[in-house]
Amino acid sequence: MSVRTESNERVLTVYLDGEIDHHTAKGMREVIDKSINELMPEVLVLDFKDVTFMDSSGIGLVMGRYKELKKCGGELHIINTTPHITKVMKLSGIERLAKLGKAEK
Amino acid sequence: MKSLNKFNLTVTSNSANESFIRSAVSAFIAQLDPTIEELSDIKTAVSEAATNCIVHAYKDTIGKIFITCEIFENRTITVKVRDRGCGIENIKQAMEPLFTTGGSERAGLGFAVMESFMDKLYVKSKVGVGTTVLLKKKLSVRI
Ligand SMILES: Nc1ncnc2c1ncn2[C@@H]1O[C@H](COP(=O)(O)OP(=O)(O)OP(=O)(O)O)[C@@H](O)[C@H]1O
Ligand SMILES: [Mg+2]
């Protein structure tokens with residue numbers, strides 16, 4: 001499990017890596033929330049390209065960050081989800097709250 | 001249904017064991033040569049059941065999680081995940097999507113995942129005694 005962040009003035013991009021479960025989600029949450037609070041981004045991009053496994057703890061992680069972002073009026077983009085991740089995401093109805101898609105350009 | 005193969009595993013309810021439990025089941029099931037999707041589905045469902053033992057059943061304690069994984073004829077597999085934790089007062093309510101007693105970081109979707117990723121889900125529970133979750137799935141025939 002690892003998290004790498006990258007940001008410009010408006011956009012905070014978080015590259016998630018490895019398996020997301022209850023055990024690993026806590027560390028990821030801490031890193032992401034720290035960056036959100038520091039940068040107050042207009043857009044948070046969560047990149048799932050290197051996520052090899054996710055269960056409902058991952059949904060909790062995404063939903064929780066959505067709520068954090070709402071506080072500063074930001075929006076959430078979820079990109080590069082593999083078929084497995086997409087299947088888990090779809091159960092949550094998160095696509096009504098966040099933009100799901102490929103990486104831009 | 002005739003049983004062809006089986007393993008039992010008892011693990012301590014440390015969150016670090018979540019990945020160990022789903023990997024153990026996945027390695028055992030590999031002998032049936034499941035599709036990648038079937039394997040992901042089973043791993044995810046097992047992860048949900050095991051995590052619930054750690055997060056809910058043994059909320060403020062450490063206890064044992066008992067896992068039995070069995071292969072039957074017709075490529076049917078079952079995974080039983082049992083705890084001796086706090087138990088569930090109202091199973092019907094607990095199984096409703098989005099219901100959670102776990103606070104803001106939980107989605108309340110664990111049972112919904114188990115239900116939709118497996119063919120069958122049975123839940124038995126008694127307050128103060130513990131909970132047993134049985135997951136069942138028939139794998140597709142590989143040519
Ligand atoms: N093994 C268990 N022992 C005691 N209570 C349980 C157990 N499994 C589930 N529950 C109860 O059922 C509720 C729903 O479980 P479910 O897995 O669907 O959602 P969750 O664990 O709360 O959230 P998520 O799985 O999305 O992280 C839990 O909040 C808990 O109250
Ligand atoms: Mg759960």
Side-chain angles (χ1 to χ4, degrees), chain A residues 1-3 16-34 36-37 46 48-71 76 78 81-98 100, chain B residues 11-23 25-26 34-59 65 81 94-118 121 135:
Chain A
M1 184 277 288
S2 82
V3 188
L16 301 162
D17 192 7
E19 302 197 322
I20 307 181
D21 61 14
H22 155 256
H23 182 69
T24 61
K26 184 166 176 275
M28 294 183 170
R29 181 182 79 219
E30 286 165 3
V31 174
I32 301 169
D33 283 357
K34 188 165 170 282
I36 293 178
N37 289 326
L46 294 178
F48 279 81
K49 183 165 79 61
D50 296 317
V51 176
T52 50
F53 174 84
M54 179 179 116
D55 63 18
S56 67
S57 296
I59 300 174
L61 179 73
V62 172
M63 292 293 222
R65 302 310 51 79
Y66 173 77
K67 286 178 204 153
E68 282 299 309
L69 271 178
K70 275 282 130 180
K71 290 184 197 160
L76 177 63
I78 297 167
T81 55
T82 59
H84 160 66
I85 309 283
T86 308
K87 195 171 171 181
V88 179
M89 290 279 188
K90 286 248 160 93
L91 271 181
S92 69
I94 187 83
E95 66 268 26
R96 280 179 276 129
L97 308 174
L100 259 72
Chain B
V11 266
T12 306
S13 63
N14 296 115
S15 62
N17 288 333
E18 289 158 10
S19 69
F20 170 65
I21 293 167
R22 58 177 184 266
S23 302
V25 169
S26 154
T35 64
I36 290 172
E37 188 179 7
E38 286 167 343
L39 206 54
S40 301
D41 287 355
I42 293 164
K43 275 174 86 169
T44 314
V46 169
S47 192
E48 298 296 350
T51 303
N52 280 350
C53 301
I54 293 161
V55 175
H56 306 296
Y58 301 119
K59 190 165 183 269
I65 306 173
V81 180
M95 291 177 75
E96 268 165 31
L98 306 180
F99 176 85
T100 182
T101 57
S104 65
E105 283 299 317
R106 308 244 65 86
L109 287 170
F111 280 127
V113 166
M114 291 184 245
E115 208 152 28
S116 84
F117 287 18
M118 302 295 284
L121 161 67
L135 303 162

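Atom set for the values below is all heavy atoms of this structure, side chains included, hydrogens, waters and symmetry mates excluded. It should be emphasised that the depicted structure is a prediction, and the values quoted were computed from it without experimental measurement.
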Legend entry - Closest non-hydrogen atom pair, A:His23 against B:Ala16: ND1-N, 3.3 Å
Inset, instruction - May I ask you to check whether B:Ser19 and A:Glu19 show a side-chain donor-acceptor distance below 3.5 Å? - result: no
Legend entry - Criterion side-chain contact (heavy atoms from CB on, under 4.5 Å) on A:Asp55 and B:Val113, from CA distance to verdict: CA-CA 8 Å; A:Asp55 63 18; B:Val113 166; 5.9 Å; no
Legend entry - Euclidean distance, A:Phe53 CZ relative to B:Ser47 OG, rounded to 0.5 Å: 4.0 Å
Inset, instruction - Can you see which heavy atom on B:Glu18 is nearest to which on A:Asp21, and at what distance? - result: OE1-CG, 3.4 Å
Inset, instruction - State whether a side-chain donor-acceptor pair under 3.5 Å links B:Arg106 with A:Ser56. - result: no
Legend entry - Heavy-atom proximity to chain B below 4.5 Å, by part of A:Val88: both
Legend entry - Under 4.5 Å from a heavy atom of chain A, the part of B:Ser116 involved: side chain
Inset, instruction - Using heavy atoms and a sub-4.5 Å threshold, report which of residues 51-59 of chain B line up against chain A, by residue number. - result: B:Thr51, B:Ile54, B:Val55
Inset, instruction - Hey, could you give me the NE2/CG distance between A:His84 and B:Leu39, rounded to the nearest 0.5 Å? - result: 10.5 Å
Legend entry - Residue pairs fulfilling salt bridge (charged side-chain N to carboxylate O under 4.0 Å, His left out) with at least one residue in residues 83-92 of chain A, sequence neighbours excluded: A:Lys87-B:Glu37, A:Lys87-B:Asp41
Inset, instruction - State whether A:Arg65 and B:Glu105 are salt-bridged, where the test is any N-O pair (Lys NZ or Arg NE/NH1/NH2 against Asp/Glu carboxylate O) under 4.0 Å. - result: yes
